[in-house]
Asks: 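Take a look at this one; I'll ask things after.
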Amino acid sequence: MMAGCRVQDPQVSGWLLDPADSSSCFRDLLNKHCKEPYKEPAVGTQKSQGLWELYSDMELNMIPVLAAMESHHIHVDKDALKRTSDLLGTEMKHLEQEAHREAGQMFLVTSSSQLRTVLFEKLRLHERCENKKLPKTVNKQQQSTSEAALLQLQDLHPLPKIILEYRQLHKIKSTFVDGILSCMTNKNYISSTWLQTSAVTGRISAKQPNFQALPRQPVQITKKQHVQGKDEEVVTVHPRSMFVPPEGWSFLAADFCQVELRLLAHLSADPELLRIFTSPEADVFTMLASQWKGVSEDQVTTRDREHAKRIVYSVVYGAGRERLSEILGVSVAQAGQFQDRFLQTYGEVQAFIHKTVRQSRERGYVLSIMGRRRALPNISCPVWGVRMQAERQAVNFVVQGSAADLCKTAMIRIFNLASSSSSSGSLSPRLIAQLHDELLFEVEDSQLEQFAALVKSTMESLQHIHHLGVHLKRQAPYARAGVQRHATLCIALCVLQLVGRRA
DNA sequence: CTTACCTTC
DNA sequence: TCTAGAAGGTAAG
């Protein structure tokens, strides 16, 4: 019933025209976009700036998709969640006691300021590592207690490691276990609220709960047996596994691998980056992690891979040497060397960044691959810091916004295919959630194979970027050059995964 | 770089 | 005593 609805949505059109402005009430929109109040087709006339097609072909089509996701109930094993909450609670108590013992005093382990006092005023750890650069807090220039700082300190004293472990558990418990539980008072299911117009880059977001922030990897906890110091029990906590499909159904996850990096390869036409993606089995971040750490690819841990991923995105999106040195855990000079080497290796990526910045300065805005637009009023600001931020936003928007375009297109196509075939009685899968580059479905077991094939082919068909419709016509020259040189690109590699299948 | 969410102060 | 909002931290990409 929702699939047939066709409405206009001024909030969505207002957002497309200026995604950074969150003014949302109808009066504000009229004042902002209409010269005379009460002019019927306010959007889509002279002020649409090429956004009308994006609006009517993509964003309006998203509305029923999001409505379907939002009205769907995802059932949760509430008891398992409560057990996990208790387990994490007792484990955190133990870590808290350990922290107090190592500090030689009681303090609130969740408080960064109290921790700062203990680490730097009582233990004076910073005096014992003058060769290392300890990060400072942004505003007050105090000693930071951030993850990067604690990693630097962990060889000097047992406390930093304990705090790191405590924070990991605390995060999981408060946000992903208790947080989910608080979203389901008087019910045993959740359904997130999906927001279409909250992200400037065109991505969708979710709240209550923030489904997109649920950890992808399970977390290993070594449960310390304080009573009998015999063997340590290892427990894995995975919030996603708390979701249960109905009897006879399974969850199917369909994942675009490294969309943003693939899009960057496409947009920049960088031969080195493209080469990495030509072998379909290769995992870029695992490859890069093995290169940096100097170990073989099967020695790379999940944490190494995540680390490599952070590094790559930081460099690409314009992190400075200082920031990079924090992430890498090396000196600023070394971070600078690393950065230079990276941008030299992927020279066309650097050229793409420069070109994007230059064009955004000339036009005052940037465009994604399908013509999504972001105005950058600060791109020529005389204040250096402000201008640099706008430059980073420009580059980030082109890649992240294009990834959003691609993922939304996939959602709409699959959703429409599924609902049209379900009316003829053959398929009845449900789209449950979008996690940026991953689509999560609930599928009847008998239809799994057929639907998986449909999803995979639909998502991979998006690699023929030049088939994505008329949107590319108006595109920036770099996008067109990329398309012509690499007509069929390995942009949309899709990996399918069964999650939480019923026995 | 972008989001959302949690805690402390 | 209460609360709104800033700051710091973490998760996801």
Side-chain angles (χ1 to χ4, degrees), chain A residues 19-20 22 107-117 135-150 163-180 182-183 192-217 219 239-240 255-264 285 305-306 309-320 323-324 326-327 353 356-357 366 368 374 376 388-404 406-407 433-438:
Chain A
S22 53
F107 70 102
L108 199 51
V109 274
T110 50
S111 162
S112 47
S113 68
Q114 291 190 25
L115 178 64
R116 181 155 39 235
T117 311
K136 296 278 171 70
T137 57
V138 187
N139 293 311
K140 294 181 183 167
Q141 288 297 305
Q142 291 175 298
Q143 296 286 348
S144 170
T145 62
S146 65
E147 189 183 14
L150 296 182
I163 299 294
L164 285 172
E165 208 174 327
Y166 183 91
R167 280 192 188 160
Q168 188 186 28
L169 298 195
H170 182 256
K171 179 68 183 183
I172 291 170
K173 179 166 156 50
S174 63
T175 309
F176 304 124
V177 179
D178 297 347
I180 298 267
S182 73
C183 293
S192 297
T193 304
W194 292 94
L195 307 171
Q196 188 171 8
T197 61
S198 76
V200 268
T201 53
R203 277 149 75 130
I204 59 173
S205 67
K207 67 176 184 186
Q208 279 183 327
N210 178 5
F211 207 98
Q212 297 175 318
L214 259 43
R216 182 164 288 194
Q217 295 303 130
V219 177
R240 286 197 197 189
D255 188 334
F256 281 118
C257 310
Q258 306 107 32
V259 238
E260 290 189 18
L261 212 54
R262 283 171 192 268
L263 270 164
L264 182 68
F285 297 122
R305 191 186 174 277
E306 284 312 296
K309 187 164 136 184
R310 271 180 80 188
I311 294 165
V312 169
Y313 282 127
S314 311
V315 175
V316 167
Y317 293 139
R323 182 77 192 95
L324 192 63
E326 286 170 30
I327 297 168
I353 291 170
T356 304
V357 170
V366 274
S368 78
R374 177 172 184 180
L376 293 158
M388 291 305 282
Q389 182 176 13
E391 293 186 1
R392 294 192 297 268
Q393 286 172 331
V395 178
N396 179 269
F397 178 88
V398 176
V399 183
Q400 205 170 94
S402 299
L406 216 69
C407 295
Q434 185 248 49
L435 302 90
H436 300 128
D437 65 342
E438 174 183 330

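Here is the naming used below: chain letters follow the sequence lines, and residue numbers restart at 1 for every chain. Heavy atoms only: backbone and side chains are in, while hydrogens, waters and symmetry mates are out.
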Asks: When you measure from the side chain of A/Thr201, which nucleotide among B/dC9, B/dT2, C/dG13 comes out closest?
Replies: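 The answer is B/dT2.
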Asks: Output one line per pair: protein atom, nucleotide atom from nucleotides 4-7 of chain B, and distance, for all N/O pairs under 3.5 Å.
Replies:
unit_1, atom_1, unit_2, atom_2, d
B/dA4, OP1, A/Ser198, OG, 3.3
B/dA4, O4', A/Asn210, ND2, 3.2
B/dA4, O3', A/Ala206, O, 3.4
B/dC5, OP1, A/Gln208, N, 3.1

Asks: Donor-acceptor pair, A/Ser111 side chain versus A/Leu108 backbone, under 3.5 Å?
Replies: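 No, the answer is negative, given that no donor and acceptor are paired below the 3.5 Å cut-off.
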Asks: Kindly say whether A/Ile204 contributes a backbone atom to a donor-acceptor pair with the side chain of A/Gln212 at under 3.5 angstrom?
Replies: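 Answer holds: yes.
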Asks: For A/Lys171, give me all partners under side-chain contact (heavy atoms from CB on, under 4.5 Å), at least two apart in sequence or on another chain.
Replies: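 Residues passing side-chain contact (heavy atoms from CB on, under 4.5 Å) with A/Lys171: A/Thr175, A/Phe176.
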Asks: Return the value, rounded to whole Å, for the distance between atom NZ of A/Lys309 and atom P of C/dA11.
Replies: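 So the NZ-P distance, A/Lys309 to C/dA11, works out to 12 Å.
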Asks: Give a yes/no answer on whether the side chain of A/Gln400 brings an N or O atom under 4.0 Å of OP1 or OP2 in C/dG13.
Replies: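 Looking at the OP1 and OP2 atoms of C/dG13, neither is under 4.0 Å from any side-chain N or O of A/Gln400.
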Asks: Using side-chain contact (heavy atoms from CB on, under 4.5 Å) as the criterion, list what pairs up with A/Val312, not counting sequence neighbours.
Replies: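 Scan of A/Val312 (side-chain contact (heavy atoms from CB on, under 4.5 Å), adjacent residues dropped) gives A/Leu261, A/Phe285, A/Leu288, A/Val316, A/Phe342.
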Asks: For A/Arg374, enumerate each residue passing the salt bridge (Lys or Arg N to Asp or Glu O under 4.0 Å) test, keeping only those at least two apart in sequence or located in another chain.
Replies: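 A/Arg374 satisfies salt bridge (Lys or Arg N to Asp or Glu O under 4.0 Å) with no residue once adjacent residues are dropped.
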Asks: Give me, pair by pair, the N or O atoms of the protein and of nucleotides 2-5 of chain C that are less than 3.5 Å apart, along with how far apart they are.
Replies:
none

Asks: Which residues pass the salt bridge (Lys or Arg N to Asp or Glu O under 4.0 Å) test with A/Arg167, sequence neighbours left out?
Replies: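 For A/Arg167 there are no salt bridge (Lys or Arg N to Asp or Glu O under 4.0 Å) partners, ignoring immediate neighbours.
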Asks: Please list, chain by chain and in numerical order, all residues satisfying side-chain contact (heavy atoms from CB on, under 4.5 Å) with A/Gln389, sequence neighbours excluded.
Replies: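 A/Gln389 satisfies side-chain contact (heavy atoms from CB on, under 4.5 Å) with A/Arg392, A/Gln393 only.
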Asks: To the nearest angstrom, how far is A/Arg116 atom CZ from C/dG8 atom P?
Replies: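 To the nearest whole Å, that distance equals 7 Å.
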Asks: Rounded to whole angstrom units, what separation is found between the CG atom of A/Asp178 and the P atom of C/dA11?
Replies: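 It is 17 Å, rounded to the nearest whole Å.
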Asks: Looking at every strand, decide which applies to A/Gln114 at a 4.0 Å heavy-atom threshold: base, sugar-phosphate, or nothing.
Replies: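 Here A/Gln114 touches the backbone only, sparing every base.
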Asks: How many Å lie between CD1 on A/Ile204 and C1' on C/dA12, as a whole number?
Replies: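 The answer, rounded to whole Å, is 13 Å.
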Asks: Take atom CG of A/Asn396 and atom P of C/dG13, then tell me their distance rounded to the nearest Å.
Replies: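 After rounding, the reported distance stands at 15 Å.
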Asks: Please tell me if A/Arg167 has a side-chain N or O lying less than 4.0 Å from either OP1 or OP2 of C/dT10.
Replies: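 Yes, because at least one side-chain N or O of A/Arg167 sits under 4.0 Å from OP1 or OP2 of C/dT10.
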Asks: Under 4.0 Å between any heavy atoms, over every strand shown, what does A/Val200 touch: base, sugar-phosphate, or nothing? Just pick one.
Replies: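 The residue A/Val200 makes sugar-phosphate contact but no base contact.
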Asks: OP1 or OP2 of C/dG9 versus the side-chain N and O atoms of A/Thr145: is any pair under 4.0 Å?
Replies: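 A/Thr145 to C/dG9 OP1/OP2: side-chain N or O found under 4.0 Å.
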Asks: Going by the rule ring-ring contact (aromatic ring centres under 6.0 Å, His included), which residues pair with A/Phe397 if we only count those two or more places apart in sequence or in a different chain?
Replies: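 ring-ring contact (aromatic ring centres under 6.0 Å, His included) list for A/Phe397, sorted by chain: empty.
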Asks: To the nearest angstrom, how far is A/Leu164 atom CG from C/dG9 atom P?
Replies: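 After rounding, the gap between these two atoms is 12 Å.
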Asks: Just to verify, what does A/Val109 make a side-chain contact (heavy atoms from CB on, under 4.5 Å) with, not counting sequence neighbours?
Replies: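 Checked A/Val109 against side-chain contact (heavy atoms from CB on, under 4.5 Å); matches are A/Glu96, A/Ala99, A/Phe107, A/Ile163, A/Tyr166.
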Asks: Without decimals, in angstroms, what is the distance between A/Leu169 CG and C/dT10 P?
Replies: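 Those two atoms, CG and P, are 13 Å apart.
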Asks: So, the side chain of A/Ser192 versus the backbone of A/Pro209: is there a donor-acceptor pair under 3.5 Å, distance only?
Replies: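 The answer is yes, because a donor-acceptor pair under 3.5 Å joins these two groups.
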Asks: Measure from CD on A/Gln434 to P on B/dT3 and round the result to the nearest Å.
Replies: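 Checked: the CD to P distance equals 15 Å.
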Asks: Would you please confirm or rule out a distance under 4.0 Å between OP1 or OP2 of B/dC9 and any side-chain N or O of A/Ser111?
Replies: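 Answer yes for this pair, as a side-chain N or O of A/Ser111 is under 4.0 Å from OP1 or OP2.
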Asks: In terms of side-chain heavy atoms of A/Gln389, which of C/dA11, B/dC1, C/dG13 is nearest?
Replies: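 The answer is B/dC1, which lies nearest to the side chain.
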